[in-house]
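The structure appears below as structure tokens.
Note on naming: letters A, B, ... go to the chains in the order of the sequence lines (proteins, then strands), and numbering restarts at 1 for each one. Bear in mind that the values here come from a model prediction, so they are computed numbers and not experimental data. Just the heavy atoms: all of them, side chains too, but no hydrogens, waters or symmetry mates, feed the values below.
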Amino acid sequence: MSPREAPDRRKTLGEFRVNGERREVAYEPHRTLLEVLREDLDLTGTKHGCELGECGACTVLVDGVPVLSCLTLAQEVEGCAIETIEGMADKGELHPLQDFFAELGASQCGYCSSGFMLASKALLAQNPSPSRDEIRVALSGNLCRCTGYVKIYEAVELAAKKLRGEPCEPSRECTHGR
Amino acid sequence: MGADAAGSGAPIERPEGRYLHGVPDADLKVVGKPWRKIDARARVTGQTRFADDLFAPRMAYCKLLRSTQAHARIVRIDASAAEAMEGVYAVLLGKDLPITFGILPVSQDEHTLCIDKVRFVGDPVAAVAAVDEDTAWEACRKIVVEYEALPLVTDVFTAAATDPEAPHEHRIHDYGRLGNFHRQENLEFGDLAQGFGESDLVREDFFFFEGNTHLPMEEHATLATFDPDGKLCVQSSTQTPHYLHRALAKVLAEHVPAHKIRVIACPNGGGFGGKSDPFSHEIAVAMLSIRTGRPVKVTLTREEVFYTHRGRHPVLMRSRIGVSRSGRIKALDFETHLDGGAYGSYGTASTFYTGALQCVTYHVENYWFRGARYFTNKAPCGPKRGHGTPQPRFALEVQMDKLAVELGLDPVRIRKDNLVPANSLTANWMRVGTMALGRCIDQVVAGSGFLDRWQKLPHGKGVGLACSSYLSGAGLPIYWNAMPHSGVQLKLDRSGLVTVFCGSTDIGQGSNSILAYVVGEVLGLDPQDLRIVTSDTDLTPVDLGSYSSRVTLMTGNAALQAAERARDLIAPHVADKLGVPRNRIGFAKGRVFDVSDPDQGMPFADAVQLAESKLGTIGTTGSYRPPKSPARYKGGGVGPSANYSFTAAVVEVDVDPETGIYTVPRIFVAHDIGRSINPCLVMGQVEGSVYMGLGEAMMEEMSYRSDRFGVHKIPSMLDYKSPTTMEMPELITWLVGDPDPNGPFGAKEAGQGPLLPIMPAVANAVFDAVGVRVDEVPITPEKVFEGIERARKGKEPRVGPTKTPHVDWPEARKVRTPWQGGTGLEVEREQEELAAARANGGASRERRGD
Amino acid sequence: MLRLPKFSYHRPASGAEAVRIVAAHGGEARYVAGGTDLYPNMKRRVQRPGHVVALSRCQDLRGMRGEARSGVTIGAMTTLSAIEHDPRLRAEYPGFVHAASVVSTPLLRNMGTIGGNLLLDTRCNYYDQSHEWRESIDFCKKCDGSTCWVAPSSPRCWAVQSSDTVPLLCAIDASVTLLGADGERRVPLRALYRDDGIDFVQKRHEELLTALHLPATNGWRASYRKLRRRGSFDFPVLGVGACLSMDGDRVAELDVRIGGAGSWPIPAQKTVEMLRGAVLRFDDAASDELIRAAAQEAYKPTRAMDNTDLDAHWRKKMAPVFVARAIRDCLPGAPPRRDVLG
């Protein structure tokens, strides 16, 4: 293509690898991954709270790296391994993060949860035994207005233990207070 | 429903039965345990469908055109270019929907779309339905609106000074009191002159609490579908489907009758009070669906969520308090000025709330409350978590701290000496039942080592204590009626399935699960096995909504009644079959059995079949209405509740004296919950409340540029500062209390109360750390720094307001306190009532408050 | 939902090809690296390029080479996360890594690149707003309007330099390579920026920033102090970069740049002059006093205005405090930085 020629602005056919499945989508070139996931692939578990990169609700994993789908052009991730919340459970069995988010009520309204769990999953892949401060930093790009983050930290810590094969019972302080 | 044996006549204020607060913890199988929420799995797998997750065939997208002017007359509006665009299905203007609405009957002051004037930047002016969102947005840009500017009012001083003789359109609204006053209230309980006369120390302080907003993670969205058979269905992110139903029925009266409107509240992606009003966008898509014959969806942008607002009122306060040498409160004269924004919303209630709960924590002998609400050209304020009470709570708790220092008492002593007694009436006739604030204080004081650290830490480090109380549900509904506040229906299937129908709305707090726990406890079923159907006005009995911390208490009591009735329907038939007395039938672990010989019994499903074969289809109902309040004076309708929760908190701060920047390393909080129905969910509510309170204390504020046309300064997630993981401190929580007789299984609220003490505790801790009083919220580093600089320059180390606007208050409604022998009525109505009673032989007629 | 406007998307395979495309389309075209700055601006309609030229496929803009003794070159498309987690950079350029690690959030650092951060659009809360919002103020000088609402009587735009890495990289005298239609040139960062909210970079429109060059580490130490409300997300509303080389106890060279409080990284000239040749030791009262007095001179040139978070007067007062702290951080013996605030 010569530099002056303009690529088409009409829909093009793309192929995505989402949660291990190949999906073909015809979409307009200016669409973000968020739009394609939610509106073309019906994967509405990925949420949006600002569409400007200011809240973290739309976090997904691209080749294992947590990124914001609202600022990622869909075209840029064709061929990459995309993971959304819908792909986190394995044949109906909850991922330990999902299990403990459910167990502790780390998911209150649940709107930010997919972003938090995917960011946490990426953290645990890199660092199987994160300290509370490391969790705090890794999740500092995700806002939650319900939980005060306390139950989220605890859920991530328990999921990490479970993934390490260690005992992982919630403490009484966590579920009943002191 | 079918055989509702215990149907009529039973009192709906308090369901009677064995499964109330008196049951010991050990006898409970479901209640008191940290169960998963029944819908937890959907929420962690992305399967919960929020409103914007709904898509329908042929669905059109709606965008609203909003005012770019803060206060202006609409001179001309021309939508022809937009209507002519390809892909545009319909354009709606204000004149298309001339009927007003509003959450309170006394302030029906909103049009779906502005007709002749706009009142703030962001006021909706037109709505477009189009093939996609981009087209709808482009179409909005083609609608020409000509404005003629009107005087701009962005603060209470300007609002108070509005010339009453000015042309009526200079007023933001032409109802309410004169000028830009919306409400002026003046209530006097007891003898203030005497109270102050008996005081050894009188302090007068001024405080300001800046407005802030809910910032739910989910942006509001609504999908409206007008069926070919003339029925309208509105699915929306609303906390109050019943009130939305009423507003739709009113505004759309010419288009669709109430009984053909169905409102379904979707799971809310956070509410916090911000989705409790009926909104323009909800009504606009309904009308657009009627117009186009298509499903129409609207999803607000984050900026629009800021305009929709209904958040915390900015409140300017003056508090004059008189105490004895030992710190006993003799008199409190409290004045509030609420900057209401452009519409009424819940503002009338908000105004009363700024005066309602002062006496519910500490015993106040004589109490005077004056509150004014003003209209200003800003996004309308309304109810946010704590509704109207965090602002006065901040003032009172900081003032208590100042009194302690001035009297040489410690902040623990002065609070504990003043505690309102359990089972008592306050000066303003609030009925306090169980009350464990003293134990809450003891817990946080001991747990944090407060007394060893207060006034003893190195410069820059400090600890602060504060307390609060909150209501478990408003005693009165939003529109006057004698019907239940909460209704529950149970349907019992032959399979053993129990379906619970209730109009309540789960906004993340777990209210769906509460229904399952209560019914599961009574009928001996695993809560995960129940089917819960909620928040659908076609299918479920009315619940007033998820606001005022009312849901657990009210739906819980209604569910309890329905479940007990179901048990009472089934038990006799099982007893007959087993040949044992009816009072020996128990329900547990999915079985119905003889409690003296548990092996004798049957599965729950068999018991249902047995009962159904005798009675026909099995269903029951339960209802709840809070107890009548002794506060019978006008204005006494705001504040009463079936019970009150109490909270105490100690906050640690670490202040950098060179910059004023501070961090909060730890917070200790103890909450009187009565008895937790699910302690893990209560913990979540407490932790979330503390978080939100900390955000308000440190950084959250709605800022406007009054010198730049009244625009909102920062309508974005980035610039409206919400604490991240990096700001959230370590949190140490205690749940305390004894089961309260009015709560289901003894429960009280948890979703709002624990927010309240955080802001004053931060302020008190900052004072302890660097000797600076910031009598304002948020307590920003600039303000702390300013206080430190003032101290350095030998000035009073205080930052905060110094005056309130002048108000010509209406004459006070005087009410005698319980200890003066009052009746809960205004003095003059007491006399009227006495005369009336004499005239008709002693029967007194009760009247409800406003 | 906020959505992007329509545009043509180009995905060239090399920097040179990218330059040719932008040169061909002129002002209609924009480069995009991580997209974390451009796409929000496009959603708000303050940037409306008809052609967006993605650099994601340009392998020549990736990678790191060189060594600390002679200087390290970092490809412009290197993400901030990659910099943050690179063991060698962490060991040899800790000040730079710290500055990169306090940019926004981990998620945005996974996407945002060093090239993009160096060319971050200036920010202003009259400019970083939606089309609708800006219509309410009849737009501003930086986009679609004629008045700078920060200072309406001023002839210029006061949008704020908001990159965290720029003040530090200017202080350490890093440079960049710009690739134009007629070849490459290397420009010291200190010469790249201009004190203007609109025209804040001295480069031709089609010139592409391809690489960042960190100077050799020959004994200097650098520090970045960031003022912001929260420990994540927030742009700096004051960001001080300092670089110090000592000759024994004496200051041999010092450079201090103040970001987040003016349209460019402001050199703290007087402060530097006052401390040149001074005897400074860490944790020493006399040295601290000397530094404090010199840092006070940073107050005057700091141009904090009412167009960011936090009060402008306070931000200006904080400049000397942050300058002093950044200089002290560079003294031999000062502990490594771990904080995210102040």
Hey, mind stepping through D164(C) and Y224(C) against side-chain hydrogen bond (donor to acceptor under 3.5 Å, both in side chains) and telling me if it holds? CA-CA 8 Å; D164(C) 284 303; Y224(C) 177 64; 2.5 Å; yes
Report, in residue-number order, which members of residues 130-144 of chain C are under 4.5 Å from chain B by heavy-atom distance.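 Within residues 130-144 of chain C, the residues under 4.5 Å from chain B are S130(C), H131(C), E132(C), W133(C), E135(C), S136(C), I137(C).
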At a heavy-atom separation under 4.5 Å, does [X] approach chain C through its side chain, its backbone, both, or neither?
{"X": "E786(B)", "result": "neither"}
{"X": "Q69(B)", "result": "neither"}
{"X": "D707(B)", "result": "neither"}
{"X": "S716(B)", "result": "neither"}
{"X": "Y147(B)", "result": "neither"}
{"X": "R705(B)", "result": "side chain"}
{"X": "E219(B)", "result": "neither"}

Distance, nearest 0.5 Å, that separates CG of L275(C) from CD of E297(C):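 Interatomic distance, L275(C) CG to E297(C) CD, rounded to 0.5 Å: 10.0 Å.
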Consider only side-chain N and O atoms of T663(B) and D654(B), and report whether a donor and an acceptor are under 3.5 Å apart. no
Identify the two heavy atoms, one from [X] and one from [Y], that lie closest to each other, and give their separation to 0.1 Å.
{"X": "S223(C)", "Y": "C330(C)", "value": "N-SG, 3.7 Å"}
{"X": "Y720(B)", "Y": "T213(B)", "value": "OH-N, 2.9 Å"}
{"X": "P715(B)", "Y": "Y307(B)", "value": "CG-OH, 4.2 Å"}

Checking Y299(C) now: which residues fulfil ring-ring contact (aromatic ring centres under 6.0 Å, His included) with it, not counting sequence neighbours? none
What residues form a ring-ring contact (aromatic ring centres under 6.0 Å, His included) with H281(B), not counting sequence neighbours?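 Result, ring-ring contact (aromatic ring centres under 6.0 Å, His included) vs H281(B): H220(B), F279(B).
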Worked verdict on D234(C) versus R230(C) for salt bridge (Lys or Arg N to Asp or Glu O under 4.0 Å): CA-CA 6 Å; D234(C) 297 342; R230(C) 302 175 293 180; 2.8 Å; yes
Region of [X] that comes under 4.5 Å of a non-hydrogen atom in chain B:
{"X": "D306(C)", "value": "both"}
{"X": "D311(C)", "value": "both"}
{"X": "R44(C)", "value": "neither"}
{"X": "M1(C)", "value": "both"}

Option in T299(B), T301(B), V711(B) with maximal non-hydrogen atom pairs under 4.5 Å from chain C: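 Among T299(B), T301(B), V711(B), the one with the most close pairs to chain C is V711(B).
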Which residues in residues 134-141 of chain B have any heavy atom lying under 4.5 Å from a heavy atom of chain C? D134(B), W137(B), R141(B)
Should we count CD of E86(B) as having more than 12 external heavy atoms under 6.0 Å?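 Not more than 12 within 6.0 Å, no.
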Within-4.5 Å side-chain heavy-atom neighbours: F235(C) and L120(C): yes
Salt bridge between D656(B) and R325(C), side-chain N to carboxylate O under 4.0 Å?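 Yes, this pair counts.
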Would you call R228(C) and D309(C) a salt bridge, using N to O less than 4.0 angstrom?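 No, no charged N to carboxylate O under 4.0 Å.
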Apply the test side-chain hydrogen bond (donor to acceptor under 3.5 Å, both in side chains) to residues K378(B) and H712(B): give CA-CA distance (whole Å), side-chain angles for both, the deciding distance (0.1 Å), then the verdict. CA-CA 8 Å; K378(B) 301 191 288 193; H712(B) 190 296; over 6 Å; no
